[in-house]
Participant: 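The structure is given below, and queries will be raised subsequently.
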Amino acid sequence: MAIISIASTKGGVGKTSLAFSLAKDLGYRYATNDMSVVLQKYKHARYYPSKIPLYENTVYDFGGFDAPNSDEILLQSDIILVPTTNDLNAIMKSLVFIKKYREKTILVFANMIDNPNDAATIKAKIHAHFPNLAFTYLRRTKLLKNALESGMSARELYQSSKHNQHLYRQSYEEYNKILRLFETDGHYFKVSKNND
Ligand SMILES: Nc1ncnc2c1ncn2[C@@H]1O[C@H](COP(=O)(O)OP(=O)(O)O)[C@@H](O)[C@H]1O
Ligand SMILES: [Mg+2]
């Protein structure tokens with residue numbers, strides 16, 4: 001049972017792709033305030049252009065921040081995942097966002113990572129301001145894109161053939177780390193809160 005929000009004020013960082021796969025793999029509802037292709041691909045996906053309702057067992061994909069109560073839902077979330085890519089603009093926007101929600105449990109999700117050094121760089125930049133923030137990353141991969149296009153979650157796509165298990169082995173391992181946070185009830189609460 002959880003309310004998971006995936007949010008950033010930067011577009012194109014992977015919110016929607018991750019939100020869809022996580023929701024489907026957890027059997028959760030997907031709710032968004034932004035038009036997204038997920039609405040055509042997932043039967044438990046709902047679009048709320050104005051007031052978004054608060055539900056348990058839901059992954060919220062906050063693409064736009066014009067929804068009247070997105071702030072309320074972010075504050076009610078058990079965890080907020082903040083995707084960022086390795087560019088200064090994305091990292092800066094993440095830091096501003098994290099500051100606003102620093103009382104919440106946050107997991108920084110560095111996405112589209114080209115090599116481990118990039119992940120370390122992003123982590124260091126975030127930790128310079130919020131030393132204890134939980135951090136994970138996903139390399140540059142077609143796993144989430146191909147999953148969403150096919151209507152399968154990342155796990156379903158990975159498990160669908162030996163070929164896909166070979167193809168997506170490393171990225172699936174990284175994705176699965178995030179998934180596992182939520183699969184054992186309550187574990188995500190142990191994602192350390194920052195206490196700057
Ligand atoms: N780990 C990744 N590696 C490569 N491309 C990715 C990755 N994650 C997402 N993408 C791609 O980046 C683009 C933007 O992702 P999207 O989920 O729509 O971002 P947002 O919802 O934040 O705008 C999409 O084409 C998506 O397939
Ligand atoms: Mg989106």
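Whatever order the structure lists ligands and atoms in, that order sets their numbers, starting from 1. For the single chain, residues carry numbers from 1 onward in sequence order.
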Participant: So, Thr85 versus Asp87: side-chain donor-acceptor pair below 3.5 Å or not?
Facilitator: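 The answer is yes; a qualifying pair exists.
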
Participant: From the options Lys142, Glu174, Met112, Glu149, select the one whose nearest heavy atom is closest to atom 2 (C) of ligand 1.
Facilitator: Met112

Participant: How close do Tyr28 and Thr58 get, counting heavy atoms only, and between which atoms?
Facilitator: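 Result for this residue pair: CD2-N, 3.4 Å.
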
Participant: For ligand 1 and Asp61, I'd like to know whether there is a polar contact (N/O to N/O, distance under 3.5 Å).
Facilitator: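 Such a contact does not occur with ligand 1.
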
Participant: Do any N/O atoms on Gly14 end up under 3.5 angstrom from N/O atoms on ligand 1?
Facilitator: yes

Participant: Under 4.0 Å between a side-chain nitrogen and a carboxylate oxygen: does that hold for Lys145 and Glu149?
Facilitator: yes

Participant: Could you tell me whether some N/O pair between Gly11 and ligand 1 is separated by less than 3.5 angstrom?
Facilitator: no

Participant: Could you tell me if Tyr47 and Asp34 have a donor-acceptor pair between their side chains, going purely by distance under 3.5 Å?
Facilitator: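 Side chains of Asp34 and Tyr47: no pair found under 3.5 Å.
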
Participant: How close do Phe135 and Ala119 get, counting heavy atoms only, and between which atoms?
Facilitator: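 Here Phe135 and Ala119 meet closest at CZ-O, 3.3 Å.
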
Participant: Looking at Leu138, which atoms of ligand 1 are within less than 4.0 Å of one of its heavy atoms?
Facilitator: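 Contacts of ligand 1 toward Leu138, numbered from 1: 1 (N).
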
Participant: Could you check whether any side-chain heavy atom of Ser36 comes within less than 4.5 Å of a side-chain heavy atom of Tyr30, counting everything from C-beta outward?
Facilitator: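 In contact.
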
Participant: Regarding ligand 1, does Thr16 bring an N or O atom to under 3.5 Å of one of the ligand's N or O atoms?
Facilitator: yes

Participant: Any idea which atoms of ligand 1 are less than 4.0 Å away from a heavy-atom of Lys15?
Facilitator: 17 (O), 19 (O), 20 (P), 21 (O), 22 (O)

Participant: Would you check the N or O atoms of Arg139, main chain and side chain alike, for any that come under 3.5 Å of an N or O of ligand 1?
Facilitator: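 Yes; at least one N/O pair falls below 3.5 Å.
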
Participant: Side chains of Arg155 and Asn176: do they bring a donor and an acceptor to under 3.5 Å?
Facilitator: yes

Participant: What part of Thr141, side chain, backbone, both or neither, has a heavy atom within less than 4.0 angstrom of ligand 1?
Facilitator: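 Both the backbone and the side chain of Thr141 come within reach of ligand 1.
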
Participant: Check Arg169 with Glu174, please: is the shortest side-chain N to carboxylate O separation under 4.0 Å?
Facilitator: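 Salt bridge absent between Glu174 and Arg169.
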
Participant: Is it the case that the side chains of Asp71 and Tyr101 hold a donor-acceptor pair, with the cut-off being a distance below 3.5 Å and no angle test?
Facilitator: yes

Participant: Would a search of protein heavy atoms around atom 24 (C) of ligand 1 find one under 4.0 Å away?
Facilitator: no

Participant: Does a side chain donor of either Tyr137 or Asn111 reach within less than 3.5 Å of an acceptor in the other side chain?
Facilitator: no

Participant: Is the shortest side-chain heavy-atom distance between Leu18 and Leu81 below 4.5 Å?
Facilitator: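 Yes, close enough: below the 4.5 Å cut-off.
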
Participant: Under 2.8 Å from the Mg ion (ligand 2), which protein N, O or S atoms are there? Could you list them by chain and number?
Facilitator: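 Near the Mg ion (ligand 2), below 2.8 Å, one finds Thr16 OG1.
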
Participant: Should Arg140 and Asp114 count as an ion pair when the cut-off is N to O under 4.0 Å?
Facilitator: yes

Participant: Nearest non-hydrogen contact with atom 8 (N) of ligand 1 belongs to which option: Thr32, Leu18, Asn111, Val13?
Facilitator: Asn111

Participant: Pull out every atom of ligand 1 sitting under 4.0 Å from any heavy atom of Ser17, numbered as shown with elements.
Facilitator: 9 (C), 15 (O), 16 (P), 17 (O), 26 (C)

Participant: If the cut-off is 4.0 Å to any non-hydrogen atom of Lys145, which atoms of ligand 1 fall inside it?
Facilitator: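 Checking each atom against Lys145, I get 27 (O).
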
Participant: Mind telling me whether Tyr42 and Phe20 have parallel, tilted or perpendicular rings, with 30° and 60° as the class edges?
Facilitator: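 Ring orientation of Phe20 relative to Tyr42: perpendicular.
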
Participant: May I ask you to check if ligand 1 and Arg140 share an N or O to N or O distance below 3.5 Å?
Facilitator: no

Participant: Any nitrogen or oxygen of Gly12, main chain or side chain, under 3.5 Å from a nitrogen or oxygen of ligand 1?
Facilitator: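 Yes; at least one N/O pair falls below 3.5 Å.
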
